[in-house]
2 protein chains.
Amino acid sequence: MANAGAAAEISSRDKILDAAETLFAKRGYAGIGLREVAETVGLGKSSLFHHFRNKPQLYAAVATRILVRIEDRLMRSLAAGGDPLTRLERWLDVLIDVLAENPSWARLLLRSLFEDDDLPGDTPEELEAHATVGRIVAAATTLLREGVSTGQLRMANVPHLLLTLVGATVFPFASGEFGQEVLGKDIFDPGEVRRRKREVRDLLRLGLAVNPTR
Amino acid sequence: MANAGAAAEISSRDKILDAAETLFAKRGYAGIGLREVAETVGLGKSSLFHHFRNKPQLYAAVATRILVRIEDRLMRSLAAGGDPLTRLERWLDVLIDVLAENPSWARLLLRSLFEDDDLPGDTPEELEAHATVGRIVAAATTLLREGVSTGQLRMANVPHLLLTLVGATVFPFASGEFGQEVLGKDIFDPGEVRRRKREVRDLLRLGLAVNPTR
DNA sequence: GTCTATAATAGGATAGAC
DNA sequence: GTCTATCCTATTATAGAC
C-alpha cells in the first residue's frame with residue numbers, strides 16, 4: 001500500500017508507459033518494437049503482455065494518459081475565471097507550458113493524429129483517447145464562441161481558428177531539428193518558451209500587419 | 001524519347017515515387033514495407049532496388065521531389081513582385097494551394113520532420129532535401145524581415161513567426177480525421193481551402209482581439 | 001529492367017515453467 | 001509477475017537467371 005510520505009513506488013505498468021511514451025514520440029507507432037520498450041524498462045518482451053493486451057492498446061494507453069493530464073490542466077485554468085479573452089490567453093499559456101514541460105507530448109500527439117491508419121480505431125482505449133480530445137475541443141470551441149458573442153473577439157471562423165491555434169502551439173514543440181534550426185536554439189529553452197507565448201499572444205492581440213487606417 | 005505532344009510516358013522510377021509518396025504519407029517511414037510499395041506499382045519487391053539503393057534513399061527521394069516542387073511554386077510567386085505584405089500573403093496563398101492540391105504532401109512533410117531519428121541523416125539525398133528546406137526558410141525569413149524594415153509589418157520575432165506560419169498552413173492539411181471532425185468537412189474541400197486562406201490572412205491583418213483603443 | 005530464390009533479422013503474440 | 005521457448009509472418013537486402 002502507498003504509505004503517505006513514503007517514496008512513490010512506481011509500478012511496472014507506469015514504467016512501461018513512461019518508456020513507451022518517450023519511444024513512441026521519438027520514432028512513432030510503427031517505428032518502435034515491443035522488444036525495445038521492454039529493454040528500456042528492463043523487462044522481457046513477454047512481460048509487457050501481462051500489463052497490456054497488445055501493441056495498439058499500449059499505444060492508446062500512452063496517448064490517453066497524456067490527453068487526460070493536459071485536459072486536467074486546461075480545465076483548471078478555465079476555472080480561474082475572467083473574461084473570454086483573458087481565459088483564452090491563459091488557456092494558451094497553460095497549453096504551451098504543459099507542452100514545454102513534457103518534451104515528448106507534442107510530438108506524440110501530432111503523430112497520433114497521423115497514425116489513425118495504423119491503428120484499429122475501435123478499441124475501448126482508443127475511444128477514451130478520442131473522447132478526451134473531443135472534450136478539449138468542445139471546451140475551446142465554447143470559449144471562442146463566447147468571446148465572439150461578447151464582442152471581445154472579432155467574428156472568426158471558429159473551427160479554422162482552432163486548427164490555427166493547435167498549429168501555433170503544438171506544432172513548434174513537435175518540430176524537432178527543424179524548429180531548432182529556425183530558432184537557432186532549442187524550443188524547450190525557457191527563453192524560447194517565453195517568446196513562443198508572446199508570439200501567440202501578440203498575434204491574437206495585434207495581428208501582424210501594421211494597419212494605421214484601421 | 002519523349003516526343004512533344006505524345007502522351008507522357010511515366011517511368012518506373014516515377015511510378016515508384018508516386019506510390020511511395022502516397023504510402024509514406026499515410027503510414028510513415030517505418031509503417032510501410034517495400035513489398036507494399038512494389039505491389040502498388042505492380043512490380044516485384046526486388047525491382048525497387050534497381051531504381052533506389054535502399055529504403056532511406058527512396059524516402060529521401062520522395063521528400064526531395066515534394067520540396068523542390070513546393071520551392072518552385074513559392075519562388076515563382078515571389079517573382080510576381082509587390083510590397084512585402086502583398087508578397088507574404090501571396091506566398092501563404094500559394095503554399096495553401098499547393099498543399100490543398102496534393103493531399104499527401106503536408107502529411108509527408110510534417111512526418112519527415114519527426115522522422116529524423118529513423119533515418120541515417122547524412123546521405124546525399126537527405127542533404128539535398130535539407131538544403132531545399134533551408135532555401136525555403138531563408139526566402140521566407142528575408143521576406144518577413146523586409147516587411148518589418150519597411151514598417152509594413154510590426155516588429156515580430158521572425159523565427160517564431162515562421163514556426164507559427166508553418167503550423168497554421170501545413171498542420172491543418174496534415175491533420176486528417178482530427179481536422180475533419182473539427183471542421184465538420186474535409187479540409188481539402190474547395191470551400192474549406194478558401195476559408196483557410198481567409199483565416200490566415202485575417203489573422204495577419206487583424207489579429208483576433210477587437211481592440212478599439214489601439 | 002524484372003524476376004525467383006534466399007539470407008538474415010525483427011516483428012507481434014502465445015504457452016507454460018517458475 | 002517475470003521468464004524462456006516457440007510460432008508465424010514480415011522486414012531489408014543480395015545473388016543470379018532471363
Side-chain angles (χ1 to χ4, degrees), chain A residues 1-2 8-24 26-63 111-112 115-126, chain B residues 1-2 8-24 26-63 111 115 117-126:
Chain A
M1 38 185 161
E9 297 236 343
I10 300 164
S11 67
S12 277
R13 189 172 195 278
D14 286 337
K15 280 190 219 162
I16 294 168
L17 286 171
D18 291 341
E21 183 177 296
T22 309
L23 291 169
F24 281 138
K26 220 180 279 192
R27 291 207 294 284
Y29 176 77
I32 293 298
L34 295 179
R35 180 192 50 83
E36 199 172 349
V37 177
E39 266 173 21
T40 305
V41 184
L43 285 176
K45 195 174 46 156
S46 303
S47 302
L48 299 191
F49 290 92
H50 182 79
H51 300 278
F52 302 93
R53 279 196 311 285
N54 48 33
K55 196 188 180 186
Q57 199 229 328
L58 169 60
Y59 187 84
V62 170
R111 289 195 110 117
S112 77
E115 273 162 342
D116 303 337
D117 289 300
D118 241 332
L119 292 159
D122 50 357
T123 68
E125 291 81 10
E126 285 182 82
Chain B
M1 42 186 157
E9 295 239 342
I10 299 166
S11 67
S12 278
R13 190 173 194 279
D14 285 337
K15 280 191 219 161
I16 295 168
L17 286 171
D18 290 341
E21 183 177 298
T22 308
L23 290 168
F24 281 140
K26 221 181 278 197
R27 290 206 296 283
Y29 177 77
I32 293 297
L34 296 178
R35 180 193 49 84
E36 199 171 350
V37 177
E39 266 173 21
T40 305
V41 183
L43 285 177
K45 202 175 33 160
S46 303
S47 303
L48 300 192
F49 290 92
H50 183 79
H51 300 278
F52 302 93
R53 279 196 311 286
N54 48 33
K55 196 187 178 187
Q57 200 229 329
L58 170 59
Y59 187 83
V62 170
R111 288 195 111 116
E115 271 160 345
D117 289 300
D118 242 330
L119 293 158
D122 49 358
T123 68
E125 291 82 8
E126 285 182 81

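Residue numbers begin at 1 in each chain, while the letters A, B, ... track the order of the sequences.
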Just to be sure I understand the rule, does I32(B) reach a base, reach only the sugar-phosphate, or reach nothing, if contact means heavy atoms closer than 4.0 Å? sugar-phosphate

Using whole Å, what does the distance between atom [atom2] of nucleotide [N] and atom [atom1] of [X] come to?
| X | N | atom1 | atom2 | answer |
| --- | --- | --- | --- | --- |
| F49(B) | dT11(D) | CZ | P | 12 Å |
| H51(A) | dG1(D) | NE2 | P | 6 Å |
| E36(B) | dT12(D) | CD | C1' | 15 Å |
| K55(B) | dA10(D) | NZ | C1' | 11 Å |
| R35(B) | dC3(C) | CZ | P | 15 Å |
| E39(A) | dA10(C) | CD | P | 10 Å |
| K45(B) | dA13(D) | NZ | C1' | 8 Å |
| I16(A) | dT2(D) | CD1 | P | 7 Å |

Please check the phosphate of [N] (OP1 and OP2 only) for any side-chain N or O of [X] closer than 4.0 Å.
| X | N | answer |
| --- | --- | --- |
| S47(B) | dC3(C) | yes |
| S46(B) | dA15(D) | no |
| H50(A) | dG1(D) | yes |

Decide yes or no for T22(A) and T40(A): does some side-chain heavy atom of the first lie under 4.5 Å from some side-chain heavy atom of the second? no

Any F24(A) side-chain heavy atom under 4.5 Å of S112(A) side chain: no

Distance col, row R111(A):CZ vs R111(B):CZ, nearest 0.5 angstrom, shows 7.5 Å

Assess the residue pair L17(A) and F52(A) against the criterion (side-chain contact (heavy atoms from CB on, under 4.5 Å)); give the C-alpha distance rounded to whole Å, side-chain angles, the decisive distance to 0.1 Å, and a yes or no. CA-CA 10 Å; L17(A) 286 171; F52(A) 302 93; 3.8 Å; yes

Start at the 5' end of DNA chain C and walk down; is the nucleotide closest to S12(B) or to N54(A) reached first? S12(B)

